[in-house]
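Indexing begins at 1, ligand by ligand and atom by atom, following the structure's order. From a predicted model like this one, the values you see are computed outputs, not experimental measurements. Starting from 1, each residue takes its place in the sequence as its number.
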Amino acid sequence: MATERTLSIIKPDATRRNVTGKIIDKLESAGLRVIAQKRVRWSQAYAEAFYAVHKERPFFNDLVAFMTSGPVVMQVLEGDDAVATNRKVMGATNPADAEAGTIRADFAESIEANSVHGSDSAENAAAEIAQCFSEGEIVG
Ligand code: CMP
């Protein structure tokens with residue numbers, strides 16, 4: 001298996017409920033290492049740029065409003081097949097469909113307040129990591 005990096009974001013519903021440590025424990029227990037991390041409050045412009053790929057979707061404005069409603073924790077995860085491993089631990093986008101034991105099954109409140117984001121491909125992971133972190137902030 002190839003060592004990969006992926007971008008993970010702990011969303012405002014999870015920071016609000018003080019469960020960032022419990023979420024990071026699930027990621028680490030799956031073999032992923034946190035090699036960069038910062039807690040920030042996104043501006044509207046930052047959220048719109050990050051989710052630009054969804055700008056034509058009907059949920060875009062609500063998504064931006066939600067992602068700017070409180071702090072997020074952005075992190076770079078490294079490990080074997082990190083993109084797929086992270087998505088497996090996260091569970092399905094809609095928590096109603098998420099497998100038992102996944103982050104979204106245990107913590108998400110709704111399809112919007114679904115506790116975590118994870119890159120969906122190695123290519124998008126590289127782009128999202130570059131958008132959120134400078135090289136010097138990533139310490140493997
Ligand atoms: P995320 O992986 O962060 O990528 C886009 C987000 O849009 C997604 O997780 C969901 O939280 C959010 N979203 C809100 N409504 C929908 C929807 N109807 N379908 C898909 N994603 C949605």
For atom 2 (O) of ligand 1, closest protein heavy-atom neighbour | His117 ND1, 3.1 Å
Test: Glu78 and Arg33 ion pair at under 4.0 Å | no
Does a salt bridge link Asp106 with Lys26, judged by any charged N lying under 4.0 Å from a carboxylate O?
-> yes
How would you list, by chain and number, every residue that makes a ring pair (Phe, Tyr, Trp, His ring centres under 6.0 Å) with Phe133, sequence neighbours excluded?
-> none
Mind telling me whether His54 and Phe59 have parallel, tilted or perpendicular rings, with 30° and 60° as the class edges?
-> tilted
In ligand 1, which numbered atoms sit nearer than 4.0 Å to a non-hydrogen atom of Asn114?
-> 9 (O), 10 (C), 11 (O)
Checking side-chain contact (heavy atoms from CB on, under 4.5 Å) for the pair Lys38/Glu137: CA distance, chi angles, key distance, verdict?
-> CA-CA 9 Å; Lys38 54 188 169 189; Glu137 291 175 318; 3.0 Å; yes
The atoms of ligand 1 lying under 4.0 Å from a heavy atom of Leu63, numbered in the order shown, are 6 (C), 7 (O), 12 (C)
When distances are taken from atom 11 (O) of ligand 1, the protein heavy atom at minimum range is Ile111 O, 2.7 Å
Just going by heavy-atom distances, which of Phe59, Tyr51, Phe50 is nearest to atom 18 (N) of ligand 1?
-> Phe59
Give the single entry among Glu112, Arg57, Lys11 that approaches atom 9 (O) of ligand 1 most closely by any heavy atom.
-> Lys11
With heavy atoms of His54 as the reference, note each atom of ligand 1 found under 4.0 Å away.
-> 4 (O), 5 (C)
At under 4.0 Å between heavy atoms, which part of Arg104 makes contact with ligand 1: side chain, backbone, both or neither?
-> side chain
Any side-chain heavy atom of Thr93 within less than 4.5 Å of one from Ile111?
-> yes
